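Notes for the one structure printed next.
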Amino acid sequence: MTAVTTTTATPPGSTAPSTAEEGHRVRRRRRLSPGRRLPATRLLGPALVLVLWAAASAAGQLDPGAVPAPWTVLETGARLWTEGTLADDIVTSLRRAGSGFVIGLTAGILLALASGLSRTGEALIDGSVQLNRAVPTLGLIPLFILWLGIGETFKIAIIAIVVYIPIYLNTHAALSGIDHRFVELAEVQGLSRLAFIRQVVIPGALPGFFVGLRLGVTGSWLGLVVLEQINATSGLGYLMFQAQNYGQTDVILVGLVVYGIFGLVSDTAVRLIERRVLSWRRTLSS
């Protein structure tokens, strides 16, 4: 007896589907990325909070003496702006935060480069910065008042410390995380020290630097809130402190809203700069 094998005829002009094609038909491709970026998505959260706040105030669920309605806060802000009080305080706060931020940014970058690119620099700098990080920065206020006086200098110094620590830590971590094979490749190519920093160090450290920059920007506003309530005669913190003494909750909320707007705008600006500078990276957020 002979075994007879039968084959299925394939129509002329067509090819038999391969195993890979059949598997592709069975398994549909899954999208694991977050998807396309939606416009103005970061405003949805604050907008939702504002809607809930307005709805609760209109329904009488909130005590107007404790939490004024959004329209009351808006009217108070407009009145303070017309009187010139709010505008002057905003300028003063921006000057303090800007001065401390520039000093902290410069110190954080220089210390991170010195520590990340030299073993001697790391031995001299990193331990001191880690010790400074372990000490609560706001706990240094009494000592800085004794050293620098009660004026503007100690406020700017504290803000600079709050800013430089996250910038240093994240930039130094990014420098330490650069693949050593890139260093060996630069040595083989005979790059100079300056070319090595420009072509290898800076691109490798930029992602970590921007993380620290965002934390530093936020930290400058957080430190400012506290510092402007210590023997200050102007600024948003001083405005809120005076309102506390007189029980003006609406004025306090005006100051908090302005602080929040400053923080959101500055963080958004850093994100836009980061997206443009690091446009060559393909990440989940890009």
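This one's a predicted model, so the numbers in the text were calculated from it and none came from an experiment.
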Margin query: Is it the case that the side chain of Thr218 and the backbone of Arg214 share a donor-acceptor pair, with hydrogens and angles ignored and the cut-off at 3.5 Å?
Written below: yes
Next item on the list: Quick one: do Phe241 and Ile230 satisfy side-chain contact (heavy atoms from CB on, under 4.5 Å)? Show the steps, please.
Entry: CA-CA 9 Å; Phe241 181 73; Ile230 300 175; over 6 Å; no
Notebook entry, point to check: Tyr259 and Leu253: same hydrophobic cluster, using ILVMFWY side-chain contacts below 4.5 Å?
Noted result: yes
Notebook entry, point to check: Would Glu228 and Lys155 count as a salt bridge (Lys or Arg N to Asp or Glu O under 4.0 Å) if you check the C-alpha gap in whole Å, the side-chain angles of each, and the deciding distance to 0.1 Å?
Noted result: CA-CA 8 Å; Glu228 287 190 331; Lys155 297 181 178 65; over 6 Å; no
Checklist line | Residues Glu184 and Arg181 bridged, charged N to O under 4.0 Å | finding: no
Notebook entry, point to check: Which distance, rounded to the nearest 0.5 Å, do you find between the CD1 of Ile158 and the CD1 of Ile156?
Noted result: 11.5 Å
Next item on the list: Decide yes or no for Leu169 and Gln130: does some side-chain heavy atom of the first lie under 4.5 Å from some side-chain heavy atom of the second?
Entry: yes
Note to self: Please tell me whether Leu131 and Leu143 are part of a single hydrophobic cluster in this structure, the criterion being side-chain heavy atoms less than 4.5 Å apart.
What the structure shows: no
Checklist line | Min side-chain heavy-atom separation Thr106-Leu110 under 4.5 Å | finding: yes
Next item on the list: Quick one: pull up CG in Leu215 and CD1 in Ile167 and give me the separation to the nearest 0.5 Å.
Entry: 9.0 Å
Note to self: One thing to verify: whether Glu83 and Arg79 come together as a salt bridge, which I'm taking to mean a side-chain N less than 4.0 angstrom from a carboxylate O.
What the structure shows: yes
Notebook entry, point to check: If you round to the nearest 0.5 Å, how far is CG of Leu117 from CD1 of Ile178?
Noted result: 7.5 Å
Checklist line | Ser234 OG to Ile90 CD1 distance, which is reported to the nearest 0.5 Å | finding: 12.5 Å
Next item on the list: State yes or no: do Met240 and Val257 share one hydrophobic cluster built from I, L, V, M, F, W and Y residues joined by side-chain heavy-atom distances below 4.5 Å, directly or via other members?
Entry: no
Check: Hey, are the side chains of Leu236 and Val225 touching, using non-hydrogen atoms and a 4.5 Å cut-off?
Finding: no
Next item on the list: Calculate, to the nearest 0.5 Å, the distance between atoms CD and OG belonging to Gln199 and Ser192 respectively.
Entry: 8.0 Å
Notebook entry, point to check: What closest approach, in Å, do Val162 and Ser220 show between heavy atoms, and which atom pair accounts for it?
Noted result: CG1-N, 4.3 Å
Check: Mind checking whether Val251 and Tyr246 have side chains closer than 4.5 Å, heavy atoms only?
Finding: no
Margin query: Do Leu239 and Leu80 have side chains that approach each other closer than 4.5 Å (heavy atoms only, starting at C-beta)?
Written below: yes
Next item on the list: Say whether, by atom type as modelled, one donor and one acceptor occur between the side chain of Ser99 and the main chain of Arg95 under 3.5 angstrom.
Entry: yes
Notebook entry, point to check: After noting the C-alpha distance and the side-chain angles of Thr171 and Leu206, does the key distance pass the side-chain contact (heavy atoms from CB on, under 4.5 Å) rule?
Noted result: CA-CA 8 Å; Thr171 306; Leu206 278 177; over 6 Å; no
Next item on the list: Find out whether Ile165 and Thr137 are in side-chain contact, i.e. whether some heavy atom of one side chain is under 4.5 Å from a heavy atom of the other.
Entry: yes
Next item on the list: Go through the structure and list residues passing ring-ring contact (aromatic ring centres under 6.0 Å, His included) with Trp147, not counting sequence neighbours.
Entry: Phe144
Margin query: Would you say that His172 contacts Ser176 through its side chain, given a criterion of any heavy-atom pair below 4.5 Å between the two side chains?
Written below: yes
Note to self: Just to verify, what does Trp221 make a ring-ring contact (aromatic ring centres under 6.0 Å, His included) with, not counting sequence neighbours?
What the structure shows: Phe262
Next item on the list: Take Ile109 and Tyr164 through the test side-chain contact (heavy atoms from CB on, under 4.5 Å) and record every step on the way to the result.
Entry: CA-CA 8 Å; Ile109 293 175; Tyr164 101 87; over 6 Å; no
Next item on the list: Could you check Asp267, Thr268, Ile273 and say which one makes a side chain to side chain contact (heavy atoms under 4.5 Å, CB included) with Arg271?
Entry: Asp267
Check: Can you tell me if Ser266 uses its side chain to pair, donor with acceptor, with the backbone of Gly263 under 3.5 Å?
Finding: yes
Next item on the list: Grab the two heavy atoms, one from Ser93 and one from Gly235, that are nearest each other, plus how far apart they are.
Entry: OG-CA, 3.6 Å
Notebook entry, point to check: Of the non-hydrogen atoms in Val73 and Asp250, which two are nearest, and what is the gap between them?
Noted result: CG1-O, 4.3 Å
Next item on the list: For residues Ala97 and Leu224, report the shortest heavy-atom separation together with the two atoms involved.
Entry: CB-CD2, 4.0 Å
Next item on the list: Could you list all the ring pair (Phe, Tyr, Trp, His ring centres under 6.0 Å) pairs where at least one residue sits in residues 181-211, not counting sequence neighbours?
Entry: none
Check: Same cluster for Leu148 and Leu227 if Ile/Leu/Val/Met/Phe/Trp/Tyr side chains link at under 4.5 Å?
Finding: yes
Item checked: Any donor-acceptor pair under 3.5 Å from Asp126 side chain to Glu122 backbone -> no
Notebook entry, point to check: Looking just at side-chain N and O atoms, do Tyr238 and Thr92 make a donor-acceptor pair shorter than 3.5 Å?
Noted result: no
Next item on the list: Give the cluster check for Val102 versus Tyr168: same hydrophobic cluster or not, with ILVMFWY residues linked at side-chain heavy-atom distances below 4.5 Å.
Entry: no
Item checked: Minimum-distance pair of heavy atoms, taken over all atoms of Ile125 and Ala114 -> CD1-CB, 3.7 Å
Margin query: Set out, in order, the CA-CA distance, both residues' side-chain angles and the distance that settles side-chain contact (heavy atoms from CB on, under 4.5 Å) for Glu274 and Ser279, then state yes or no.
Written below: CA-CA 8 Å; Glu274 178 185 11; Ser279 59; over 6 Å; no
Notebook entry, point to check: Can you tell me how far the CG atom of Leu124 sits from the CG atom of Leu111, to the nearest 0.5 Å?
Noted result: 11.0 Å
Check: Is any side-chain heavy atom of Val200 closer than 4.5 Å to a side-chain heavy atom of Leu185?
Finding: no
Next item on the list: List the atom of Thr249, the atom of Pro68, and the distance in Å for their closest heavy-atom pair.
Entry: CG2-CD, 3.7 Å
Note to self: Could you check whether atom CH2 of Trp71 has more than 12 heavy atoms from other residues, nucleotides or ligands sitting under 6.0 Å from it?
What the structure shows: yes
